[in-house]
K.L.:
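There's a structure below that I have some questions on.
In this chain, residues are counted from 1 in sequence order.
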Amino acid sequence: MSITATDVAVLDGTPPPTAPTRRARLRFLRGGKTRTGLIILAFFVLLAVAGPWLAPYDPDAMSDQLLQPPSGDHWFGTTHTGQDVFSQILVGTRGVLVVGLLAAAIATALSVLIGVSAGFLGGAVDEILSALSNIFLVLPGLPLIIIVASFVPDTGDLVIAVAIALTSWAWGSRILRAQTLSLRRRDYVEAARATGESTPRIILFEILPNLTAVIASGFVGTVIFAVLTEITLAFIGVADISHWNWGTVLFWAQSNQALAQGAWWWFVPAGLCIALLGTALALINFGIDEFVNPRLRTATGSSRKVKMRVGFTPVARKSTGDGPREHSSKEPRT
């Protein structure tokens with residue numbers, strides 16, 4: 001007769017173990033960093049979707065209110081030609097997020113396809129794909145993007161996103177290859193292979209679910225890189241400066257010496273938006289790391305806190321005399 005863990009729990013008077021609840025499965029969203037990052041990111045996504053309709057003025061429209069500080073009519077002030085800075089920020093949010101998300105999606109797809117294939121298939125395929133990743137890994141990303149954007153006549157959001165994606169997938173591919181090498185010989189993968197499962201099915205249903213957190217972290221990191229790269233290209237004038245984004249606002253502010261004229265409202269809002277968006281994405285990335293790494297888990301990964309014992313450990317000794325007695329003494333742990 002066999003006794004299950006539930007029977008032992010009943011005999012001991014302890015409640016039987018329960019199935020994981022929905023709250024435990026969604027513990028990733030319980031972290032304060034993750035929630036804060038998602039709230040800020042959702043705010044910017046809302047601005048990207050509704051920004052052109054929420055803008056009180058046409059961002060290209062000029063007026064006679066030149067270099068006016070923030071007021072009730074112009075919340076973020078005006079430029080040297082009377083353009084409304086608040087409208088430029090709202091309209092430019094869409095371009096920043098579109099480039100960041102599109103570039104990250106393309107780069108993540110390439111890194112998953114090449115990295116997982118190289119790690120799981122091995123052999124000559126691994127050698128070829130690893131060599132390809134190494135080549136793109138040593139290429140200077142930003143200078144190459146500047147060269148490509150300079151020779152393309154129309155440097156719109158799509159061209160910038162593709163150029164960023166093609167120069168930023170190699171690092172994620174190397175990480176996924178290393179993770180796949182550690183998973184390919186696991187028992188459940190060998191069992192799936194022994195039952196006759198095809199290679200694409202094993203990769204889709206056995207390997208990729210265990211790489212979800214790594215893929216998500218790489219995606220968020222690529223979004224940060226793509227956003228900063230796109231703003232940098234606009235700031236130095238490589239991208240199309242007639243298309244509004246936060247980098248374009250900084251480009252015109254720097255070109256017209258806004259800092260020297262004391263027009264802080266021309267460049268501070270765009271800088272704050274860049275900082276807030278980067279902070280939101282970084283917080284989400286930290287939340288993913290805490291969810292995946294048991295050593296980093298606090299309230300996100302566990303419902304109770306474990307405190308390490310520091311100092312001396314009590315041990316029991318037998319004393320000589322009338323009979324064996326036990327008392328506690330303290331000795332340093334070895």
Side-chain angles (χ1 to χ4, degrees), residues 95-184 199-200 203-204 207-240 245 247 274 277-278 281-282 284-285 288-289 292:
V96 172
L97 289 184
V98 166
V99 171
L101 295 176
L102 182 60
I106 298 174
T108 303
L110 290 174
S111 62
V112 170
L113 178 63
I114 296 177
V116 175
S117 299
F120 187 81
L121 298 178
V125 176
D126 185 16
E127 294 292 336
I128 296 174
L129 295 180
S130 296
L132 181 64
S133 300
N134 292 334
I135 292 173
F136 277 88
L137 194 61
V138 298
L139 289 177
L142 186 59
L144 183 60
I145 295 174
I146 293 175
I147 294 173
V148 172
S150 300
F151 282 97
V152 176
D154 183 16
T155 55
D157 292 342
L158 180 60
V159 175
I160 296 297
V162 173
I164 294 174
L166 293 179
T167 57
S168 59
W169 61 268
W171 181 252
S173 175
R174 298 294 296 177
I175 295 176
L176 290 175
R177 175 185 176 274
Q179 293 294 325
T180 304
L181 287 174
S182 66
L183 295 175
R184 58 183 292 189
T199 299
I203 293 176
L204 288 176
I207 300 296
L208 286 182
N210 292 280
L211 297 175
T212 303
V214 180
I215 295 172
S217 179
F219 176 82
V220 174
T222 309
V223 172
I224 298 175
F225 172 77
V227 168
L228 294 179
T229 303
E230 195 255 350
I231 291 174
T232 301
L233 293 175
F235 178 71
I236 63 179
V238 175
D240 186 6
N245 59 60
I274 296 171
L277 180 59
L281 295 172
I284 296 174
N285 214 350
I288 295 174
D289 289 340
V292 175

K.L.:
Give the minimum heavy-atom separation between R184 and L121, together with the two atoms involved.
P.N.:
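For R184 and L121, the tightest heavy-atom pair comes out as NH2-O, 4.4 Å.
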K.L.:
Under the side-chain hydrogen bond (donor to acceptor under 3.5 Å, both in side chains) definition, can you give me all pairs with a residue in residues 100-127, not counting sequence neighbours?
P.N.:
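Checked against side-chain hydrogen bond (donor to acceptor under 3.5 Å, both in side chains) - neighbours excluded - the pairs reaching residues 100-127 are D126-S130, D126-R177.
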K.L.:
Do any pairs count as a side-chain hydrogen bond (donor to acceptor under 3.5 Å, both in side chains) and have a residue in residues 214-225, sequence neighbours left out, and if so which ones?
P.N.:
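side-chain hydrogen bond (donor to acceptor under 3.5 Å, both in side chains) check on residues 214-225 returns S217-N285.
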K.L.:
Ignoring hydrogens, what is the shortest heavy-atom contact between I114 and S173? Give both atom names and the distance.
P.N.:
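Of all heavy-atom pairs spanning I114 and S173, the closest is CG2-OG, 3.7 Å.
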K.L.:
Compare all side-chain heavy atoms of L137 with those of W171 and state whether any distance is below 4.5 angstrom.
P.N.:
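Answer yes - side chains close enough.
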K.L.:
Could you tell me the separation between the CD1 atom of I288 and the CD1 atom of I215, rounded to the nearest 0.5 Å?
P.N.:
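Output value for this atom pair is 11.0 Å.
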K.L.:
Are any non-hydrogen side-chain atoms of L158 and V98 less than 4.5 angstrom apart?
P.N.:
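They are not in contact (no side-chain heavy atoms under 4.5 Å apart), so the answer is no.
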K.L.:
Could you tell me whether the side chain of V99 reaches within less than 4.5 Å of the side chain of V227, counting heavy atoms only?
P.N.:
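They are not in side-chain contact.
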K.L.:
In the structure I gave you, are the side-chain heavy atoms of I231 and I274 within less than 4.5 Å of one another anywhere?
P.N.:
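SC-SC contact between I231 and I274 confirmed.
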K.L.:
Side chains of N210 and Q179: closer than 4.5 Å at any heavy-atom pair?
P.N.:
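The answer is no; the side chains never approach within 4.5 Å.
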K.L.:
What heavy-atom pair brings L102 and A161 nearest, and what distance separates the two atoms?
P.N.:
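Closest approach of L102 to A161, heavy atoms only: CD2-CB, 3.8 Å.
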K.L.:
Out of curiosity, F235 CZ to N245 CG, how far, rounded to the nearest 0.5 Å?
P.N.:
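The distance works out to 12.5 Å.
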K.L.:
Given S133 and W169, is the side-chain contact (heavy atoms from CB on, under 4.5 Å) satisfied, shown in steps?
P.N.:
CA-CA 8 Å; S133 300; W169 61 268; 3.6 Å; yes
K.L.:
Between I236 and I146, does a side-chain contact (heavy atoms from CB on, under 4.5 Å) hold up when you go through it step by step?
P.N.:
CA-CA 10 Å; I236 63 179; I146 293 175; 3.8 Å; yes
K.L.:
Could you give the distance from OG1 (T232) to CZ (F225), rounded to the nearest 0.5 Å?
P.N.:
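If we round to the nearest 0.5 Å, T232:OG1 and F225:CZ are 9.0 Å apart.
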K.L.:
Looking at CG of L129 and CG of N134, how far apart are the two atoms once the value is rounded to the nearest 0.5 Å?
P.N.:
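Separation between the atoms: 11.0 Å.
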K.L.:
Compare all side-chain heavy atoms of V112 with those of L208 and state whether any distance is below 4.5 angstrom.
P.N.:
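When only atoms from C-beta onward are counted, L208 and V112 do touch, with a gap below 4.5 Å.
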K.L.:
Find the distance between OG1 (T229) and CD1 (I224) and round it off to the nearest 0.5 Å.
P.N.:
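These two atoms lie 11.5 Å from each other.
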K.L.:
State, with a plain yes or no, whether a side-chain heavy atom of L166 is found less than 4.5 Å away from one of L110.
P.N.:
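Yes, close enough: below the 4.5 Å cut-off.
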K.L.:
Could you go through L277 and L97, starting from their C-alpha distance and side-chain angles, then the distance that decides it, and tell me whether this counts as side-chain contact (heavy atoms from CB on, under 4.5 Å)?
P.N.:
CA-CA 10 Å; L277 180 59; L97 289 184; 3.9 Å; yes
K.L.:
Please find the pair of heavy atoms, one from G100 and one from A226, that lie closest to each other, and give the distance.
P.N.:
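Looking at all heavy atoms of both residues, the closest pair is CA-CB, 3.8 Å.
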K.L.:
Taking all non-hydrogen atoms of both residues into account, name the closest pair between A103 and A165 and its distance.
P.N.:
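So the minimum-distance heavy-atom pair works out to O-CB, 3.5 Å.
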K.L.:
Do V162 and I106 touch side chain to side chain, with heavy atoms closer than 4.5 Å?
P.N.:
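A side-chain contact under 4.5 Å exists here.
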K.L.:
Indicate the atoms forming the closest heavy-atom contact of F219 with A105, along with that distance.
P.N.:
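Answer, listing the atom of F219 first, then A105: CE1-N, 3.6 Å.
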K.L.:
Using 0.5 Å steps for rounding, measure from the CG atom of L176 to the CG atom of L211.
P.N.:
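So the gap between those two atoms works out to 6.0 Å.
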